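So the structure is just underneath, and the comments pick up after that.
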Amino acid sequence: MKAIQLYYPPEWAHCYGCGYLNAHGLHIKTYWNAEKGLSETRFTPSPHHTALPGFVYGGLLASLVDCHSTATAAAAKAQAEGLSLEATPLRFVTASLKVDFLKPTPLGPELLLLGRAREVKGRKVVVETELYAEGVLTVRGEAVLVQIGEGFPQEGTPGPG
């Protein structure tokens with residue numbers, strides 16, 4: 001199975017979190033389970049992703065939720081419209097991101113992000129994401145995402161995320 005981010009065309013693959021062309025980026029990869037309508041990302045933070053000793057920096061966690069959500073939106077939109085991501089690459093940017101930090105996230109274990117599209121309507125997709133560390137829910141996010149198209153960026157269009 002190919003990660004959703006690997007379907008992004010090169011001009012849209014520079015994101016710090018998920019862009020495969022960003023040499024210094026996180027290179028997160030999200031996978032789509034069409035049967036369950038569920039996306040999954042696994043990521044292991046490095047020691048330099050520290051907030052306080054032993055815990056992951058909240059900005060990194062927000063970035064993971066953000067990039068995971070944009071990929072989830074692409075897969076959910078493709079599925080809703082019966083499209084193939086390979087034939088019709090879709091890319092979304094973040095219009096709104098809400099992140100709730102429920103518990104401190106320990107540094108060390110692999111993190112699991114699970115996402116579902118709550119709404120797919122026109123160019124807008126709303127995604128809910130949960131982030132787990134060792135089976136414990138530590139972060140919950142909600143993102144409103146907008147599909148971008150040819151000519152991006154345009155005046156008044158949300159920035160990439």
Side-chain angles (χ1 to χ4, degrees), residues 1 3-8 12-20 22 25-45 49 51-52 55-83 85 89-107 109-149 152-154 156-161:
M1 177 184 300
I4 298 163
Q5 290 87 352
L6 298 178
Y7 291 106
Y8 297 165
W12 294 342
H14 297 275
C15 174
Y16 175 74
C18 61
Y20 57 84
N22 188 326
L26 302 173
H27 301 135
I28 74 163
K29 292 180 176 65
T30 304
Y31 299 91
W32 180 247
N33 182 325
E35 287 181 20
K36 295 181 179 181
L38 182 71
S39 59
E40 179 178 310
T41 295
R42 293 179 181 272
F43 183 83
T44 304
H49 294 128
L52 298 171
F55 297 98
V56 180
Y57 166 61
L60 172 70
L61 300 172
S63 292
L64 293 173
V65 170
D66 184 17
C67 287
H68 178 81
S69 296
T70 61
T72 302
K77 173 80 170 178
Q79 183 170 339
E81 295 193 359
L83 302 171
L85 284 174
L90 301 174
R91 186 69 164 97
F92 284 76
V93 291
T94 306
S96 173
L97 179 64
K98 179 179 184 279
V99 179
D100 293 319
F101 299 96
L102 307 173
K103 295 180 178 191
T105 301
L107 183 63
E110 178 182 69
L111 306 179
L112 170 66
L113 292 92
L114 300 174
R116 292 187 185 280
R118 190 180 76 217
E119 177 185 338
V120 179
K121 186 176 183 181
R123 292 178 51 228
K124 177 179 118 178
V125 177
V126 179
V127 172
E128 295 174 339
T129 296
E130 295 179 333
L131 185 149
Y132 295 86
E134 298 180 311
V136 175
L137 177 63
T138 63
V139 176
R140 184 176 287 128
E142 178 184 274
V144 177
L145 306 132
V146 178
Q147 182 181 351
I148 62 175
F152 178 82
Q154 299 171 356
T157 304

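Model, not experiment: these values are computed from the prediction. These numbers come from the heavy atoms of this one structure, side chains and all, not from hydrogens, waters or symmetry mates.
The only member of V127, L97, V93, V126 that meets side-chain contact (heavy atoms from CB on, under 4.5 Å) when paired with L145 is V127.
Across all their heavy atoms, R91 and C15 have their closest contact at NH2-CB, 3.7 Å. Nearest approach of L60 to P45, heavy atoms of both residues: CD2-CB, 4.0 Å. For the residue pair A117 and T72, the shortest heavy atom distance occurs at N-CG2, 4.4 Å. Annotation for I28 and C18: closest pair CG1-CB, 3.8 Å, computed over non-hydrogen atoms. Taking both residues in full, the closest heavy atoms of P106 and V56 are given as O-CG2, 3.5 Å, listed atom of the first, atom of the second, then distance.
In this structure, CG in L85 is found 10.0 Å from CD in Q79, a value given to the nearest 0.5 Å. A distance of 8.0 Å separates CG in L83 from NZ in K77, rounded to the nearest 0.5 Å. Here SG of C67 is found 10.5 Å from CG of L113. Values are rounded to the nearest 0.5 Å. Atoms CZ and CD, from R116 and E128 in turn, are 9.5 Å apart once rounded to the nearest 0.5 Å. Going from atom OH of Y20 over to atom NZ of K29 covers 11.5 Å, rounded to the nearest 0.5 Å. For the atom pair CG (L52) and CG (L107), the distance works out to 11.0 Å, reported to the nearest 0.5 Å.
Listed by chain and number, the residues in a salt bridge (Lys or Arg N to Asp or Glu O under 4.0 Å) with E134 amount to none (sequence neighbours excluded). In this structure E130 satisfies the side-chain contact (heavy atoms from CB on, under 4.5 Å) test together with Y132, L137, R140, sequence neighbours excluded.
Between the H68 side chain and the T129 main chain, no donor and acceptor come within less than 3.5 Å of each other. Side-chain atoms of N33 come within 3.5 Å of backbone atoms of E35 as a donor-acceptor pair (strictly under, hydrogens ignored).
The local environment of OH in Y57 is sparse, with at most 12 non-hydrogen atoms from other residues, nucleotides or ligands closer than 6.0 Å.
The closest side-chain heavy-atom distance from L114 to L38 is below 4.5 Å. Within the 4.5 Å cutoff, side-chain heavy atoms of L26 are placed close to those of H49. The shortest distance between side-chain heavy atoms of W12 and P89 does not fall below 4.5 Å.
Of the N and O atoms on the side chains of S39 and T30, not one donor lies less than 3.5 Å from an acceptor on the other residue.
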